[in-house]
Amino acid sequence: MTTGKNTTSETERYANLIPMKEIQSIQDRLFPFSIYDTLRKTTPVRYDQTRACWDVFRYEDVHYILKNPKLFSSNRGVGNKQGNILKMDPPKHTKMRNLINKAFTPKAVNELTQRIQDVTTFLLDQVKAKGTMDMIHDFAGPLPVIIIAELLGVPTKDRELFKTYSDILVAGAEDGSDEAFKVMMKKRQEGTMFLNGYFKDIIQERQRSPKDDFISLLLAAEIDGEKLTEEELLGFCILLLVAGNETTTNLIANAVRYMVEDTDIQEQVRTNLSLVPNLVEETLRFYPPVQAIGRMATEDVEIGGYTIRKGAQVISWVAAANRDEQKFAQPDRFMLERHPNPHLSFGFGIHFCLGAPLARLEAKVALSMLLTSFSKLERVEHVELEPIQSPFVFGVKSLPIRLSL
Ligand code: HEM
């Protein structure tokens, strides 16, 4: 069977920012996994007319799509002028990625351990006496922003601004209506304009006096003997700020959200901190901060018996693939002992998350120190959780936690 006719090309390109009709209510957005499960079992590959895109839910198919950038391009016609490597294909992607690869190797990232511990201590000290904290606002939000701001070389005092604008850039449409789509697009344009202006000033400053930071490194870098254009520089800065921020916040907060729901797991990890890396990996699989990844078919290609036409948008549902029983035993159980754990939450293949070593380290330090600082973490009763306004990001806006010393 084939299909794949366009409605409006713009809506189509943003298909992963428009909620699918099955997941609209607050409750479904807080716990979408049984719906993904049903979709994976009943329509593992399907064309959604409303969002004008294909949805793919099975592990094997998602893996195949991410593994084949020649068939499934990351250049979906959105934001490419900005030089964002997430939206690039080889050979340009390879060259741009190589520029900053070295800064993110596990070895380079490990050197940040002390700084991450210091920032974590600082954040915990602020809440210890209070007995409660908002996991997002007081802890999981500021930690990655402070670290990435320091790496980039932008003032950490501006972190509230980064948070506001990166939230806007990952937000989706409120619902499937044209009106909601237009509001989202307007906010995204304003957010990009603000951050462009912000980084332009810092780039000019570093041009005059370079420092030991990413922006200076990018300014000095050359590809095939040519410096990066201003657009490429801005694209890189904004990507690093946005990609490394909300995602890591949600990883840390999603782990805490799970541990307050399942206090046995919380106790197991607290009494054996060597399990923290397992906690991080299983949280990534079970509550993935990034639920879906978009691509565009570069030629007619068959997936699960369907022919996806050249040019069609394809949304790969990592959150569904991570719970595919063909790949994971007891997929709906949170298992600290799961090994191997080949979740797709950092993507797969050439676009595999560049910041994965940093995100893992930040989460590991943050969760270990949180568990050793408090004998118990509990949900503050009677506070309803509110999901983040985005179909592809999984996380909550606020997570009030009661702390016992
Ligand atoms: C790519 C998830 C943290 C920087 C990706 C992709 C995913 C992802 C799924 C692949 C997207 C695709 O294939 O189209 C996450 C998650 C994180 C996280 C779940 C935290 C838990 C970070 C951090 C940074 C970062 C801390 C940097 C400071 C990037 C970059 C790319 C990327 C630059 C693009 C790589 C490329 O296109 O080659 N991330 N990310 N991420 N991530 Fe992350």
Side-chain angles (χ1 to χ4, degrees), residues 16-42 48 51 55 57 132-141 163 166-168 170-177 180 184 245-266 279-280 282-293 315-324 328 330-335 343-345 363 367 370 377-402:
N16 57 342
L17 293 178
I18 301 163
M20 52 166 103
K21 62 180 180 307
E22 291 85 356
I23 303 180
Q24 300 266 349
S25 74
I26 289 193
Q27 212 42 40
D28 289 344
R29 282 158 54 209
L30 283 171
F31 287 100
F33 304 103
S34 58
I35 299 171
Y36 294 140
D37 218 36
T38 308
L39 290 167
R40 195 186 57 247
K41 285 173 182 153
T42 53
D48 180 348
R51 289 155 54 245
D55 289 308
F57 299 103
T132 58
M133 73 156 127
D134 178 2
M135 189 45 60
I136 311 288
H137 185 263
D138 297 330
F139 189 66
K163 174 90 183 112
S166 49
D167 282 358
I168 290 175
V170 298
E174 208 154 298
D175 52 51
S177 69
M184 172 194 77
N245 181 356
E246 176 98 21
T247 45
T248 313
T249 298
N250 289 328
L251 170 57
I252 297 168
N254 290 350
V256 174
R257 178 177 164 194
Y258 187 80
M259 285 193 293
V260 294
E261 286 161 5
D262 185 341
T263 46
D264 284 349
I265 292 279
Q266 186 183 146
L279 170 73
V280 171
E282 189 64 341
T283 303
L284 280 162
R285 183 188 74 84
F286 206 75
Y287 281 171
V290 175
Q291 304 197 78
I293 300 177
I315 306 300
S316 292
W317 287 93
V318 162
N322 280 351
R323 294 189 187 218
D324 188 336
F328 298 93
Q330 299 182 268
D332 292 319
R333 260 193 69 204
F334 190 102
M335 287 161 63
H343 63 72
L344 298 172
S345 301
L367 293 166
L370 192 64
L377 305 172
E378 292 166 290
R379 271 277 299 280
V380 172
E381 310 82 27
H382 314 305
V383 181
E384 298 293 330
L385 295 181
E386 204 188 325
I388 286 170
Q389 183 71 60
S390 166
F392 82 102
V393 175
F394 183 75
V396 290
K397 286 186 178 166
S398 161
L399 182 61
I401 296 291
R402 193 179 309 290

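Counting begins at 1 with the first residue of the sequence. Quantities reported herein were computed from a predicted structural model and do not represent experimental measurements.
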inquiry  = Once rounded to the nearest 0.5 Å, what's the spacing between atom CG of Asp324 and atom NZ of Lys41?
reply    = 9.0 Å
Would you tabulate the side-chain donor-acceptor contacts of residues 378-386 under 3.5 Å, counting partners in other chains and residues two or more places apart, or write 'none'?
unit_1, atom_1, unit_2, atom_2, d
Arg379, NH2, Val383, O, 2.8
Glu381, OE1, Arg402, NH2, 3.0
Glu386, OE2, Lys397, NZ, 2.9

message = Both conditions, 6.0 Å and 45 degrees, for the charged tip of Arg257 above the ring of Phe31: are they met here?
response = yes
ask   = So do Glu261 and Ile265 actually touch side chain to side chain, heavy atoms under 4.5 Å?
value = no
inquiry  = To check you understand the geometry: which heavy-atom pair defines the closest contact between Val290 and Val318, and what is its length?
reply    = O-CG1, 4.0 Å
query = Does the side chain of Asp28 pick up a donor-acceptor pair with the side chain of Ser25 at under 3.5 Å?
reply = yes
ask   = If you take all heavy atoms of Lys163 and Glu246, which pair is closest and at what distance?
value = NZ-OE1, 3.9 Å
note = Taken to the nearest 0.5 Å, the spacing of Asp138 CG from Leu399 CG works out to 11.0 Å
key: Residue pair Pro387 / Ile26, side-chain heavy-atom distance below 4.5 Å   = yes
ask   = Salt bridge or not for Asp37 and Arg323, using N-O below 4.0 Å?
value = no
task = Mind checking ring pair (Phe, Tyr, Trp, His ring centres under 6.0 Å) for Phe334 and listing every partner two or more places apart, or none if nothing turns up?
result = Tyr258, Phe286
ask   = Mind checking whether Gln291 and Val393 have side chains closer than 4.5 Å, heavy atoms only?
value = no
ask   = Heavy atoms, side chains only, cut-off 4.5 Å: are Met259 and Leu279 in contact?
value = yes
ask   = Does a side-chain heavy-atom distance below 4.5 Å link Arg333 with Phe328?
value = no
task = Please identify each residue that fulfils ring pair (Phe, Tyr, Trp, His ring centres under 6.0 Å) with Phe394, with sequence neighbours left out.
result = Phe33, Tyr287
inquiry  = With no hydrogens and no angle check, just 3.5 Å: does a side-chain donor-acceptor pair link Thr283 and Asn254?
reply    = no
inquiry  = Taking the side chain as everything from C-beta on, heavy atoms only, tell me whether Val280 gets closer than 4.5 Å to Ile252.
reply    = no
message = Could you check whether any side-chain heavy atom of Ile401 comes within less than 4.5 Å of a side-chain heavy atom of Phe139, counting everything from C-beta outward?
response = no
